[in-house]
Amino acid sequence: MIWRETYMEKLRGFIDQTELVKIMTGLRRSGKSVMLELVREELKEKGVSPDNMIVINFEDMSFDHLKDAKVLHDYLKSQMDAAHGRSYLFLDELQEVEDWETCINSLRVNSDADIYITGSNSKMLAGEFSTKLSGRYIQIQVYPFSFREFDTAMREKLPKSSDAELFRQYLKQGGLPLLINANLNERDSKQYLKDLHTSVVIKDIVKRNKIRDVDLLERIIGYVMANIGKTFSSNSISAYFKSENRIVAPETVLNYLNFCEEAYLFGRVKRQEIPGKKMLQVNEKYYVADHGLRQAVYGYNERDIELVLENMVCLELWRRGYDVTVGRVGEKEIDFVGVRDEKRIYIQVCYLLATDETIKREFDVYYEIKDNFPKYVVSMDELDMSRDGIQHQNIREFLLMDT
C-alpha cells in the first residue's frame, strides 16, 4: 500500500472533527478505498481500537442487504452501541445506497461518530445532501497517481531506473494505482484500463442516468478522447455527427458530457479573457481523468503526444489545488492559467521546441501579459531555453517540483 501524503495532509486536520463528514470523490479505482485504509492506519497509530472502526464497501455483495438508508442506519447504530467510545465509519462507494444522505445526516447529528465516505459520482454532493449538510462536510477529490507518486512507487521496484525511463512508462501507462501495485505487463495493463473504462461507462454513466442510446454515448466519449485539450462546444460535436448523417441535438450532447463529468471521466476547463476576469461561454476544453485511459481506449498515437502532455499538466494543477482556466490574450491562447490563494501561474505546454516558429508561438504570448506572476513553457526538451523571465522546464522536472 502506497502512502499518499498529499491527500493525508488535507485530511489530517479534520480527523476527529465529528461535526464534519469527510467525503472523498473521484474516478473509480483512483485510490479512494486506499485513502480510507490510510486513515485507519493513522488512527491505529493514535491508539484507536479496530473494534471502533466500522468498514463497509458497497461494491461487495455481502453488504447488498444494507443498500436501504433505514436498514443501514439501524445496522450502524447497533454496531456503534456495541463499541466503547467514539466510532469511526468508513463507507466506500456509498452512492449505491438509496437515500443515503438521510442516514448520514442522522448519524452525524445523533451519534458520536467520525464519518468518512467515498463516491464515484459528483451527484452525491448535490440536492438534498448538500442542503442538509451545508458547511458540515469537506470534499477531497482523489486523482490517479501523479508522476511524483508514480516515480516514488516505481523506485522501490526499479531502483536503477532514471526519471526519464520512468516518465516514458508513465506516459504510456498512466497513474491508476493498481497498475503499479500489480506489476502488470503492457497487454494486461491495457486490458485493465479498457475494463475500467467500460465499468465507468456502464455503472456510473449509463445505469445511473438511465441512458438508452449507449452507442451515442460511446461515440461522444470517443470524440472527446480524440480531441482532448482542443476547444470545442456541444454545437461542434452535434455538427460532427450531422456530417456523419446522424442528427443529435446539442442539448443531448451537453447532457452526456455532463454525465461524464459527474462520473469523473472528464474534467472541463473554461476559457478566460486576459487581462480581466471575463469567462467565455463557448469552446471549452476537456481533459480525461487519467491519460492511460485515453491511450488504452482511443489508442496511442505519436502525433497526439502534445495533447497527452497537456492532459498531465492540467491534472497536476488540479491535484495541487489550482482553479484552472484557458487564457485568451487577443487572438492568442495560453494553455493554462492556474489560480490558488490569490496567486497565479501561467503555463504553455508543447512536445518539443524544435523550430523557431514553435519557440516564438510558445514564448511570445507572454509578452502581452504585464504582471509578475510565474510564466512557464513546459516541454520534453532537455536543454533549458528560458528567456526574458519566462521559465522553460522539462515536463518531468515540472511535474516533480513544488508549485
Side chains of Asp92 and Thr118 only: does a donor on one sit below 3.5 Å from an acceptor on the other? yes
Within-4.5 Å side-chain heavy-atom neighbours: Leu11 and Met24: yes
Just by distance, with hydrogens left out, do Thr102 and Asp99 show a side-chain donor and acceptor under 3.5 Å apart? yes
Step through the shown structure and confirm whether more than 12 heavy atoms of other residues, nucleotides or ligands are within 6.0 Å of NZ on Lys375. yes
Is it the case that the side chains of Asp151 and Tyr170 hold a donor-acceptor pair, with the cut-off being a distance below 3.5 Å and no angle test? no
Are Asn235 and Ser233 close enough that a side-chain donor and a side-chain acceptor fall under 3.5 Å? no
Under 3.5 Å side-chain donor-acceptor pair for Asp114 and Thr18: no
Mind checking the CG-CG spacing from Leu315 to Asp290? Nearest 0.5 Å is all I need. 7.5 Å
Just by distance, no angles: are the side chains of Glu93 and Ser120 close enough, under 3.5 Å, to form a donor-acceptor pair? yes
Among Arg361, Arg271, Arg328, whose salt bridge (charged side-chain N to carboxylate O under 4.0 Å, His left out) with Glu333 holds? Arg271
Assess the side chains of Glu262 and Asn258: does a donor N or O sit below 3.5 Å from an acceptor N or O? no
Check whether any side-chain heavy atom of Asp204 sits under 4.5 Å from a side-chain heavy atom of Arg28, and report yes or no. yes
Would one find more than 12 heavy atoms of other residues, nucleotides or ligands at under 6.0 Å from atom CE of Met61? no
How are the rings of Phe336 and Tyr287 set relative to one another: parallel (under 30°), tilted (30 to 60°) or perpendicular (over 60°)? tilted
Polar side chain donor-acceptor pair, Tyr367 to Asp388, under 3.5 angstrom: yes
Verify the distance criterion only: is there a donor paired with an acceptor across the side chains of Thr25 and Gln139 at less than 3.5 Å? yes
Would you say Tyr366's side chain and Gln348's backbone share a donor-acceptor pair under 3.5 angstrom? yes
Is Trp318 close to Val324 at the side-chain level, that is, under 4.5 Å between some pair of heavy atoms? yes
pair Leu254-Ile237: side-chain heavy atoms closer than 4.5 Å: no
Between Arg396 and Phe147, is NZ or CZ placed under 6.0 angstrom from the six-membered ring centre and within 45° of the ring axis? no
Testing Thr325, Val365, Val337 one by one against Ile274 for a side-chain contact (heavy atoms from CB on, under 4.5 Å), which residue passes? Val337
